[in-house]
2 protein chains.
Amino acid sequence: MFELDIRSRKPIYEQLVERLKELIITEVLKIDEQLPSVRTLAQQLTINPNTIQKAYRELEIQGYIYSIKGKGSFVSSANDSQNTEKLHKVKNDLIKLLSEAMYLGVTAEELITIIEEIQASIGGGIEHDQN
Amino acid sequence: MFELDIRSRKPIYEQLVERLKELIITEVLKIDEQLPSVRTLAQQLTINPNTIQKAYRELEIQGYIYSIKGKGSFVSSANDSQNTEKLHKVKNDLIKLLSEAMYLGVTAEELITIIEEIQASIGGGIEHDQN
DNA sequence: GTAGTGTACTACGACTCATAGTACAGTTGA
DNA sequence: TCAACTGTACTATGAGTCGTAGTACACTAC
């Protein structure tokens, strides 16, 4: 489920944040699904529970999960009021990355194909839920 | 030209790398154009020349610039053999970010519009050069 | 020879990260 | 009511990274 790259410059808690975010976005983890507990995941990954807690806290701040003392941590629904600010940041990052991709030779057509592939794998599911 | 966010968690040299990369990608800095020298830019930004050198070295590793001892640092042309590996990384990052954007409610149409806008501002220039 | 250029190294202090350890608050089920 | 789970928060410590100051070498151009 998780592959931590201990030798990466990227902090372990950030790798966790990214990986969990991916699992939520790709709907491997569903809304209201419970995440592994801080202690359980720490044991599984052989890292400190505080490190897990730091990742979970960041995900909560970004609105991806919610936590209840005594019960656990769960996946949030996507429509969160925080998202407008986060959306702005994601769009800014996207513009930079898309520019870089095009600078490196990726065509607009290739990029559009990537978007369509993503839409087919997750976008359709979201639209289906909205019916 | 540069705005460094001293309070950012992001290291200064990484901010420099990103900003210079943007200037190269958007063709504010042109191929073979000389960058400010390490010492000059350090003075302008009131930071250490070693910090500048670190940023310039990273840009050189990524293939965006080339440096000549005694002469200076210059913008590389885009078609560099390293780019296939970097392209792969950029594509992977893009897929994640595009997925996140769509998860947050950005439609495929909006994303395509963004791509077209980028293409209009820099892509056209690149295609023009290829004529 | 001077004045510019890049490059590399050491040493140091500040900061971040991950850890170990501990403790408190809450929930649930027996 | 208690045990076993859950989340949350804190301190202290060591390791690693970052940016700095300082220094020195190699190169180019005039």
Side-chain angles (χ1 to χ4, degrees), chain A residues 1-21 23-24 29 31-76, chain B residues 1-21 23-24 29 31-76:
Chain A
M1 192 194 213
F2 294 102
E3 274 176 63
L4 298 179
D5 183 357
I6 303 299
R7 288 178 296 179
S8 171
R9 253 189 81 245
K10 180 162 284 185
I12 291 174
Y13 81 93
E14 273 189 20
Q15 294 178 49
L16 276 170
V17 167
E18 283 180 11
R19 184 59 185 144
L20 283 161
K21 203 186 283 186
L23 295 175
I24 291 167
L29 296 174
I31 290 173
D32 293 327
E33 179 168 348
Q34 179 161 4
L35 302 176
S37 81
V38 162
R39 289 172 180 83
T40 300
L41 191 54
Q43 277 183 326
Q44 281 170 0
L45 301 179
T46 324
I47 68 178
N48 198 270
N50 291 328
T51 305
I52 307 290
Q53 173 60 22
K54 184 164 180 172
Y56 278 21
R57 178 148 180 72
E58 180 61 32
L59 284 162
E60 191 166 7
I61 287 170
Q62 292 190 31
Y64 284 94
I65 68 171
Y66 62 97
S67 299
I68 304 171
K69 266 188 184 185
K71 292 188 90 171
S73 301
F74 306 84
V75 178
S76 290
Chain B
M1 192 194 214
F2 294 103
E3 273 175 67
L4 299 178
D5 184 356
I6 303 298
R7 286 180 294 180
S8 172
R9 251 190 84 246
K10 181 163 284 184
I12 291 177
Y13 80 93
E14 274 189 18
Q15 294 179 48
L16 275 170
V17 168
E18 284 179 9
R19 184 57 185 144
L20 283 160
K21 203 186 280 188
L23 295 175
I24 291 166
L29 295 173
I31 290 172
D32 294 325
E33 179 168 347
Q34 181 163 4
L35 302 177
S37 81
V38 163
R39 290 172 181 84
T40 302
L41 191 53
Q43 278 183 326
Q44 281 170 1
L45 301 179
T46 323
I47 68 179
N48 198 269
N50 292 327
T51 304
I52 307 290
Q53 172 61 20
K54 186 164 179 172
Y56 278 21
R57 178 148 181 73
E58 181 61 31
L59 284 162
E60 191 165 6
I61 288 168
Q62 293 189 32
Y64 285 95
I65 70 172
Y66 62 97
S67 300
I68 303 172
K69 263 188 184 185
K71 292 186 89 171
S73 301
F74 306 84
V75 178
S76 292

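Note that these values count all heavy atoms, side chains included, but never hydrogens, waters or copies made by symmetry. Below, chains carry the letters A, B, ... as their sequence lines are ordered, and counting in each starts from 1. Remember, it's a predicted structure, so these values are computed and weren't measured experimentally.
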Could you list the protein-to-nucleotides 28-30 of chain C atom pairs, N/O on both sides, closer than 3.5 Å?
| unit_1 | atom_1 | unit_2 | atom_2 | d |
| --- | --- | --- | --- | --- |
| C:dT28 | OP1 | A:K71 | NZ | 3.3 |

Distances under 3.5 Å between nitrogen or oxygen atoms of protein and nucleotides 12-15 of chain D:
none

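In this structure, A:L41 places its CG atom 14 Å from P of D:dT8, rounding to the nearest Å. A straight line from CD1 of A:I52 to C1' of D:dC5 spans 17 Å, rounded to a whole angstrom. B:E58 places its CD atom 16 Å from the C1' atom of C:dT7, with the value rounded to the nearest Å. Distance, B:L35 CG to C:dG4 P: 19 Å, rounded to whole Å. Look at CG on A:L59: it is 13 Å from P on D:dG7, rounded to the nearest Å. In this entry the distance linking CG of A:D5 with P of D:dG16 reads 15 Å, nearest Å. What separates CD of A:Q34 from C1' of D:dG7 is a distance of 11 Å, to the nearest Å. B:F74 places its CZ atom 12 Å from the P atom of D:dT28, with the value rounded to the nearest Å.
Listed pair A:Q53 / D:dT8 meets the phosphate criterion, a side-chain N or O lying under 4.0 Å from OP1 or OP2. Between C:dG26 and A:S67, no contact under 4.0 Å exists linking OP1 or OP2 to a side-chain N or O.
Using a 4.5 Å heavy-atom cutoff, the side chains of A:Y56 and A:P36 are in contact. At least one side-chain heavy atom of B:I24 sits less than 4.5 Å from a side-chain heavy atom of B:I65.
How far CD of B:E3 is from CD of B:Q15: 10.0 Å, rounded to the nearest 0.5 Å. Distance check, rounded to the nearest 0.5 Å: OH of A:Y64 to CG of A:L20 gives 11.5 Å.
Judged by distance alone, with hydrogens and angles left aside, the side-chain atoms of B:E60 form no donor-acceptor pair with the main-chain N or O of B:S73 at under 3.5 Å. Using a distance-only test at 3.5 Å, with no hydrogens or angles considered, a donor-acceptor pair links the side chain of A:Q34 to the main chain of A:K71.
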Atom pairs and distances, donor-acceptor, side-chain atoms in residues 45-54 of chain A, under 3.5 Å, two or more places apart:
| unit_1 | atom_1 | unit_2 | atom_2 | d |
| --- | --- | --- | --- | --- |
| A:N48 | OD1 | A:N50 | N | 3.0 |
| A:N48 | OD1 | A:N50 | ND2 | 3.3 |

task = Could you walk me through whether A:Y66 and A:D32 pass side chain to side chain contact (heavy atoms under 4.5 Å, CB included), step by step?
result = CA-CA 9 Å; A:Y66 62 97; A:D32 293 327; 2.8 Å; yes

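Scored by the salt bridge (Lys or Arg N to Asp or Glu O under 4.0 Å) test, B:E18 finds B:K10 as partners (sequence neighbours excluded). For A:R9, the salt bridge (Lys or Arg N to Asp or Glu O under 4.0 Å) partners at least two apart in sequence or on another chain are B:E14.
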message = For a quick check, with a 4.0 angstrom heavy-atom cut-off, what is the B/S/- contact string for nucleotides 17-25 of chain D, read 5' to 3'?
response = -SSBBB-B-

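Scanning all heavy atoms of the two residues, the minimum distance from B:V75 to B:L35 falls at CG2-CD2, 4.2 Å.
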